[in-house]
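The next block holds one structure in the form of structure tokens; read it before the comments.
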Amino acid sequence: MSAMSDRKAVMLTRAWIRWLLMHGITRSYLLWSARRGDPLAQIAFGQDRLLGTSPFIEEIRQRGRLTKLSGTHVTTDYDLCRRILRDNRFGVVTPNHPIIPKPIRWVLAKTDQELPNLTEPPSMLVTDPPEHTRYRRLVGQAFSPGAIAELKQRAVEVTDGLLDRLESKPRPDLIEDFAAQVPVAIIAEILGLPADMHSTLLRWGLNSAPLVDRALTWTTYRHATDELAEVKQYFDQRIDKLTAEPGDDLLSVLATSRELTRREQTANAALLLDAGFLTTVNLLGNGIALLTSHPDQLKLLMAKPELWPDTIEEILRYDCPVRMTGRISNCDVDIADQHIKRGSLVLLSLAGANYDPGVFPDPERFDVTRVNAADHLAFSGGVHGCLGYRLARMEGIIALRTLFERYPDLRLDGAPIPRRLINLHAYRSMPAKLTAD
Ligand code: HEM
């Protein structure tokens, strides 16, 4: 074997060991639990791709405010989710958490390829303060009310341009041709990435999205991490360029920050890119599916366009794009009449919290006039609450309102096809007819 193929074999073995520790073992355990009817394990294996309420989430709710399944605490209770997200006795789940046995941490450190995986540190999503505060403060300004107000006109132009192009297509795909394109164009502009990169950015994001799930197969994991190697190379080169010649974009802010290492810069650039469109595409896609399947609500909305902001909140509540998050207790905690030991994983079902009947009466009803829809937990909460929520809301209102006002007879042409993801509720394809025949 040549030195090159030797090196490749070593890398592959390392990746496999990492996959085994981070996904493979959990996968075997969850498969066993799923066969025994465990509702959490059923969710982990993608049995739960329904619109609206989920029988598995409801089964978990029936077991109490905080229950233990597949060796993990889990809650669908709104108040409890909210409290835990804001409780600094809980931190994020990371492969270098002190609670993980030392030998496993050692192997994970040795097999770390330093890829910009949004679910691994130093992505801010999975970094606790004080590092988290440092990252978030640096990029926060780009998502302030003023910054988002300035982007509004661009969102209108991008949406209009895409809708003009849809006109010539007899059977457009509203995901590929519209829902995915609006957010990728805007986040690329924020980061200062060129327009001819949009399709590559989409490919990177969509192919690495499964990493948000746990219990991946080796093939899915490998495919997703291969994609990240390309992302790393691209951002490294671009950051090199911007360090020497910064622009007025967000990537230049990261590139010229003396507070961040190169790895921190690349990881957080990749996080901002992915977070900027992987979820908003689903707000738009899920919103189109919901509105076309609830013509009474759409009719009301067309008569009262002032209801659009509330409608976006109800879409986020009803079909939460990020289904679940998790936290680890950093000390023993007594909560919801239970004792949680230090180092326990608690899964917070954001989708379940959004269907908590104590907070959202008749939760299965999709109601664009629901008064407290905006109380949903689709953007999570606490220190890791979504940084881009203002941007997502702004894009959601502009894109969906313009689409339905321009094409009031819009309807889906066949059932939309879901993506094979667990934690992100997403459609892959949504063929449509824009006008009545
Ligand atoms: C409908 C669209 C969106 C949804 C549903 C959504 C949802 C979420 C959720 C649930 C979290 C926190 C996860 C946790 O607590 O573990 C989060 C974090 C985050 N989101 Fe969003 N997001 C959306 C759009 C955006 C956009 C447009 C951006 C722009 C870049 C963005 C940037 C981020 C970032 C950077 C974080 C990490 C924040 C931190 O850890 O401090 N998101 N998002």
Side-chain angles (χ1 to χ4, degrees), residues 81-82 84-87 90-94 116 118-144 147-148 151 155 179-180 182-191 193 201 205 212 249-251 254 267-287 312-328 345-351 353-354 374 376-400 423-426:
C81 285
R82 230 177 146 266
I84 292 175
L85 287 168
R86 284 165 177 75
D87 189 331
F90 290 90
V92 285
V93 183
T94 67
L118 79 164
T119 63
E120 288 183 24
S123 149
M124 86 173 83
L125 185 65
V126 281
T127 307
D128 282 324
E131 283 80 12
H132 172 266
T133 320
R134 194 158 51 88
Y135 305 155
R136 186 146 170 153
R137 205 180 292 136
L138 191 66
V139 294
Q141 192 52 32
F143 302 94
S144 68
I148 300 307
L151 279 168
V182 177
V184 85
I186 302 296
I187 194 67
E189 264 188 47
I190 294 175
L191 286 166
L193 306 176
L201 303 179
V212 173
D249 49 68
L250 187 55
L251 196 54
L254 288 168
N268 285 294
L271 166 70
L272 288 163
L273 171 66
D274 285 350
F277 73 88
L278 276 181
T279 43
T280 312
V281 51
N282 305 327
L283 161 63
L284 302 185
N286 302 352
I312 296 303
E313 304 306 330
E314 180 65 348
I315 294 168
L316 287 165
R317 182 198 71 81
Y318 194 89
D319 199 357
C320 190
V322 181
R323 316 291 291 167
M324 201 174 266
T325 185
R327 294 292 184 266
I328 286 197
L345 174 63
V346 185
L347 292 177
L348 311 171
S349 169
L350 303 175
N354 289 350
H376 63 74
L377 293 187
F379 291 124
S380 188
V383 293
H384 291 280
C386 179
L387 176 68
Y389 72 95
R390 290 190 192 93
L391 175 61
R393 283 178 165 140
M394 182 270 275
E395 290 177 351
I397 295 171
I398 291 174
L400 289 182
N423 205 23
L424 295 181
H425 214 213

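Worth knowing before you read on, the calculation uses all heavy atoms, side chains too, and leaves out hydrogens, waters and symmetry mates. Each ligand, and each atom within it, is numbered from 1 in the order the structure gives.
- Less than 4.0 angstrom separates some heavy atom of I187 from each of these atoms of ligand 1: 30 (C).
- A heavy-atom separation below 4.0 Å is found between V383 and ligand 1.
- Here the protein contributes C386 SG as N, O or S atoms under 2.8 Å from atom 21 (Fe) of ligand 1.
- Formation of a donor-acceptor pair under 3.5 Å by the R327 side chain with backbone atoms of V346 is not found in this model.
- In this structure, S380 has no side-chain hydrogen bond (donor to acceptor under 3.5 Å, both in side chains) partners at least two apart in sequence or on a different chain.
- Among H376, E395, H132, the residue whose heavy atom lies closest to atom 41 (O) of ligand 1 is H132.
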**Request:** Please step through side chain to side chain donor-acceptor pair (under 3.5 Å) for the pair N286 and H425, ending with a clear verdict.
**Result:** CA-CA 8 Å; N286 302 352; H425 214 213; 4.5 Å; no
**Request:** Go through L151 and M394 one step at a time and tell me if the side-chain contact (heavy atoms from CB on, under 4.5 Å) criterion holds.
**Result:** CA-CA 9 Å; L151 279 168; M394 182 270 275; 3.8 Å; yes
Show every donor-acceptor pair shorter than 3.5 Å between a side-chain atom in residues 272-282 and any protein atom, with sequence neighbours excluded, or say none if there are none.
unit_1 : atom_1 : unit_2 : atom_2 : d
T279   : OG1    : A275   : O      : 3.2
N282   : ND2    : L278   : O      : 2.8

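- In this structure, the protein non-hydrogen atom closest to atom 14 (C) of ligand 1 is T325 OG1, 3.4 Å.
- Within the listing of ligand 1, atoms 30 (C), 35 (C) sit less than 4.0 angstrom from a heavy atom of L272.
- With respect to atom 10 (C) of ligand 1, the closest heavy atom belonging to the protein is A378 O, 3.3 Å.
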**Message:** Using side-chain contact (heavy atoms from CB on, under 4.5 Å), reason through L347 and T325 one step at a time and then give a plain yes or no.
**Reply:** CA-CA 6 Å; L347 292 177; T325 185; over 6 Å; no
**Prompt:** Given L271 and Y135, is the side-chain contact (heavy atoms from CB on, under 4.5 Å) satisfied, shown in steps?
**Reply:** CA-CA 11 Å; L271 166 70; Y135 305 155; over 6 Å; no
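- Between the side chain of D249 and the backbone N or O of E189 there is no donor-acceptor pair closer than 3.5 Å.
- Residue L316 places a heavy atom under 4.0 Å from ligand 1.
- Residue F143 touches ligand 1 through its side chain alone, judged by heavy-atom distances below 4.0 Å.
- Taking the side-chain hydrogen bond (donor to acceptor under 3.5 Å, both in side chains) definition, one finds that R86 meets it with nothing, sequence neighbours left out.
- A donor-acceptor contact shorter than 3.5 Å links the side chain of T127 to the backbone of S123.
- Neither the backbone nor the side chain of I190 has any atom closer than 4.0 Å to an atom of ligand 1 (non-hydrogen atoms only).
- The nearest heavy-atom contact from the protein to atom 38 (C) of ligand 1 is R136 NH1, 3.4 Å.
- In this structure, atom 40 (O) of ligand 1 lies nearest to the protein heavy atom H384 ND1, 2.7 Å.
- Nearest to atom 37 (C) of ligand 1 by heavy atom, out of L125, T280, V126, is L125.
- Residue contacts with ligand 1, taken as heavy atom pairs separated by less than 4.0 Å, do not involve R323 at all.
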